[in-house]
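Note: hydrogens, waters and symmetry copies are ignored here, and every other heavy atom, side chains too, is used. Count residues from 1 along the sequence.
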Amino acid sequence: MSVPCLLLGLLFFAASLTPSLIPRGPSVQGILGGLVMAIGYLIGQIVALLWRAADLPRLSGRPAHVLTGVVAVPLVAVFLWVLASSLTWQNDIRAKMGMAEADALGLATILLLAFATFAIAYALGRLVAALFRLIRARFYRIMPPRRANVLGVVAVALILFVTTRDGIVDRVVTGLDESYEAAQELFENAPPPPEDPRMTGSAASLIDWASMGKPGRDFVTSGPTAQDIAAFTGRPARDPIRVYVGRANGPTPEARAELALAELIRQGAFEREVLILASPTGTGWMDPGSHDPVEYMHGGDIATVAAQYSYLQSPLALILETSTGLEQATALQDVVHGYWKTLPADARPRLYVHGLSLGAWSSMYATNLFRLLDDPIDGAFWAGPPFPSAFWNYVQEHRNPGSPWVLPEVGDGSLIRYASHTADASEGAPWGEMRIVFLQYASDPVVFYDPRSLWRAPPWMQDPPAADMTEHFVFVPVVTQFQLALDMALSFGAPPGFGHAYYARDYIGPWVEVTAPRDWSPADTARLKAHCDTGFQQGCSNAPR
């Protein structure tokens, strides 16, 4: 084992202890530290290999040992100081998120897991190196050494690629898809369908209840009723329309979209005041914290439609089923917007598009120029847009100079505005004919992960930190990339209003701005926020429909 490479790995370990967007506990920190330590060691080995290949001068003997010792002493001192400071840094983030402070560093857990992770990674690296030597030895028999070395590297890379892609990854994806499909409680596991013939999945519905899946059934049978809404507003109300097509309800995105349109027509959705085309998250989940409030605002005179495209959790669907959500959202918008355009402008609902997380990405992708220019939609509301979203990136890059990356200002605010848990998108010039709002938390790594952080600091790290961000950010190439990747996995468990945990009260202000509910006042907004905060952790309704 190379001591200089080990010292580089220790430096990476120290860097991993610096804070990022989401607080980390000892166990998670230990695994992260061991992983980046292994990466640092590997980088050191690669640099040493290239140095030797270039036949550059090298120290050896006593001078090399002395230099190693001179470097090791301050590096170990820095590592210990960073390790001791990490509890303060993590508690700083926890305090900003309203979490209880950790009272112990968990030093033993961090070190034990870090070195165990490093040992496993090191052992795997040795196995790969042994495989390379074995293949290279075979090539030596039939070709010159230099060619054998190159082809040996290529052969190992191909073996690893095929093994992971067609072997391990394929089996993992198949297993995950089957397990999540089972969790949807399809077919024989479905509960009894609704008795109300007006509801999606009933005996009169065009959509088969058993095939809809649990997320869809939860969506269409929950939410506020006309009685709930009337009790809140003090005015007559209607039962909101909710249409949901499960992935198993149709063989293709186009078939599911056509089925959704037929069900919308059956239920009279195009006679409502507002129609929302929503894209669900990866599993098909529809956030009640978003959909319940907007139904209260419009007195139930509203219809919402969604079509499922995956059974996987959003992070897995983002990586493994990249195109499915985009295809489904595009098909649904094509079909519904296409029909909506044929209706008289004064006798059709106002049309909006909406999505959370992966649903925001797919919804943005589907909202192309035809939706924005050719008899355009009335507006869009996207929450937690994932970092690959092309439209979101375009808007971010065209923010007003000097406005922060995490909460930008775009133009005069008459077309596009941003919201967070500290801003409700109410500021800006008077709205134009179309209204677009992005809801994003400054601490959400699903939004602010940056693949280029492998070699450069993300744009938001160059701004003054937002209220829920630490002042102790330190950019370290490679390490910051791994910190943010881990943050994405942890962000779903953050407290409401932070990370990727979007909740009802932060949807309310943006929905008011985007949909401009009739006879709605700031006092109504405050009452609805209080209503959603009282005993309802997810949505604003207190019972299934």
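- For the 3.5 Å distance criterion, the side chains of T18 and H472 fail to qualify, holding no donor opposite an acceptor.
- Judged by distance alone, the side chain of S420 and the main-chain N or O of T422 form a donor-acceptor pair under 3.5 Å.
- When side chains are defined from C-beta on, V395 counts as touching I416, because their heavy atoms get closer than 4.5 Å.
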Could you check L10 against F118 for side-chain contact (heavy atoms from CB on, under 4.5 Å), going step by step and ending with a plain yes or no?
CA-CA 11 Å; L10 190 65; F118 174 79; over 6 Å; no
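- Between T367 and Q333, the closest heavy-atom pair is OG1-NE2, 3.2 Å.
- Using bins of under 30°, 30° to 60° and over 60° for the plane-to-plane angle, the ring pair Y441/Y502 lands in the parallel bin.
- Within the 4.5 Å cutoff, no side-chain heavy atoms of F492 are placed close to those of I22.
- Comment: D533 does not engage K529 in a salt bridge, judged by the lack of any side-chain N to carboxylate O separation of less than 4.0 angstrom.
- E409 is not listed as a side-chain neighbour of R399, based on a closest heavy-atom distance of 4.5 Å or more.
- With rounding to the nearest 0.5 angstrom, the OH atom of Y418 is 9.0 Å from the CG atom of L407.
- Panel note: side chain R94, backbone P23; no donor-acceptor pair is recorded below 3.5 Å.
- When atom types are taken as modelled, the side chain of N91 and the backbone of A102 share a donor-acceptor pair closer than 3.5 angstrom.
- With rounding to the nearest 0.5 angstrom, the NE2 atom of H500 is 8.5 Å from the OG1 atom of T281.
- Side-chain atoms of Q328 and S362 form no donor-acceptor pair, as typed in the model, at a separation below 3.5 Å.
- A 4.5 Å side-chain heavy-atom check between V406 and D463 finds every atom pair outside the cut-off.
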Under the criterion side-chain contact (heavy atoms from CB on, under 4.5 Å), I'd like the reasoning laid out for R456 against Q462: C-alpha separation, chi angles, the key distance, then a yes or no.
CA-CA 11 Å; R456 75 173 195 186; Q462 302 170 34; over 6 Å; no
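- The side-chain heavy atoms of M37 and L11, taken from C-beta on, include no pair separated by under 4.5 Å.
- Neither side chain, D506 nor H421, offers a donor N or O lying under 3.5 Å from an acceptor on the other.
- Going from atom CZ of F473 over to atom CD of Q483 covers 9.5 Å, rounded to the nearest 0.5 Å.
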Determine, stepwise, if the pair Q45 / S2 fulfils side chain to side chain donor-acceptor pair (under 3.5 Å).
CA-CA 8 Å; Q45 289 282 54; S2 168; 4.7 Å; no
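- Applying the side chain to side chain donor-acceptor pair (under 3.5 Å) definition to pairs two or more places apart or across chains, those involving residues 484-498 are S20-D487.
- Distance alone, capped at 3.5 Å, is enough to place a donor-acceptor pair between the Q308 side chain and the R247 backbone.
- At least one donor-acceptor pair closer than 3.5 Å links the side chain of Y309 to the backbone N or O of P280.
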Test side chain to side chain donor-acceptor pair (under 3.5 Å) applied to Q481 and Y449, step by step:
CA-CA 8 Å; Q481 171 96 167; Y449 172 82; 2.7 Å; yes
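- With contacts defined as side-chain heavy-atom distances shorter than 4.5 Å, the pair H354/H291 qualifies.
- Nearest heavy-atom pair, E513 versus R417, reported as atom, atom and distance to 0.1 Å: OE1-NH1, 3.3 Å.
- Nearest heavy atoms, P458 versus S453: CG-CB, 4.0 Å.
- Screening W511, Y503, Y507 for a side chain to side chain donor-acceptor pair (under 3.5 Å) with S290, the sole residue that qualifies is W511.
- F132 contributes atom CZ, which lies 15.5 Å from atom CG of L127 (distance to the nearest 0.5 angstrom).
- Nearest heavy-atom pair, V514 versus Y352, reported as atom, atom and distance to 0.1 Å: O-CE2, 3.4 Å.
- Between V474 and M461, the shortest heavy-atom distance links the atoms C-SD, 4.4 Å.
- A distance of 9.5 Å separates OG1 of T117 from CG of L32, quoted to the nearest 0.5 Å.
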Would F438 and V410 satisfy side-chain contact (heavy atoms from CB on, under 4.5 Å), going step by step from the backbone distance to the final call?
CA-CA 11 Å; F438 292 101; V410 180; over 6 Å; no
Side chains of residues 380-391: which donor-acceptor partners sit under 3.5 Å, not counting sequence neighbours?
from: W382; atom 1: NE1; to: S363; atom 2: OG; distance (Å): 2.9
from: S389; atom 1: OG; to: P386; atom 2: O; distance (Å): 2.7

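- The environment of CD in E427 is sparse: at most 12 heavy-atom neighbours from other residues, nucleotides or ligands sit within 6.0 Å.
- Within the 4.5 Å cutoff, the side chain of Q440 has heavy atoms near those of the Q396 side chain.
- At a threshold of 4.5 Å between non-hydrogen side-chain atoms, the residues L35 and F482 count as touching.
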Assess the residue pair L484 and L21 against the criterion (side-chain contact (heavy atoms from CB on, under 4.5 Å)); give the C-alpha distance rounded to whole Å, side-chain angles, the decisive distance to 0.1 Å, and a yes or no.
CA-CA 7 Å; L484 295 179; L21 293 175; 4.1 Å; yes
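- The shortest heavy-atom contact between A15 and V476 is CB-CG2, 3.7 Å.
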Identify each donor-acceptor pair in which a side-chain atom of residues 69-89 lies under 3.5 Å from a protein atom, sequence neighbours left out, and give them as a table.
from: S85; atom 1: OG; to: W81; atom 2: O; distance (Å): 2.9
from: S86; atom 1: OG; to: L83; atom 2: O; distance (Å): 2.8

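- To the nearest 0.5 Å, atom CZ of residue F13 and atom CG of residue L7 are 14.0 Å apart.
- No side-chain donor-acceptor contact under 3.5 Å links E327 and T252.
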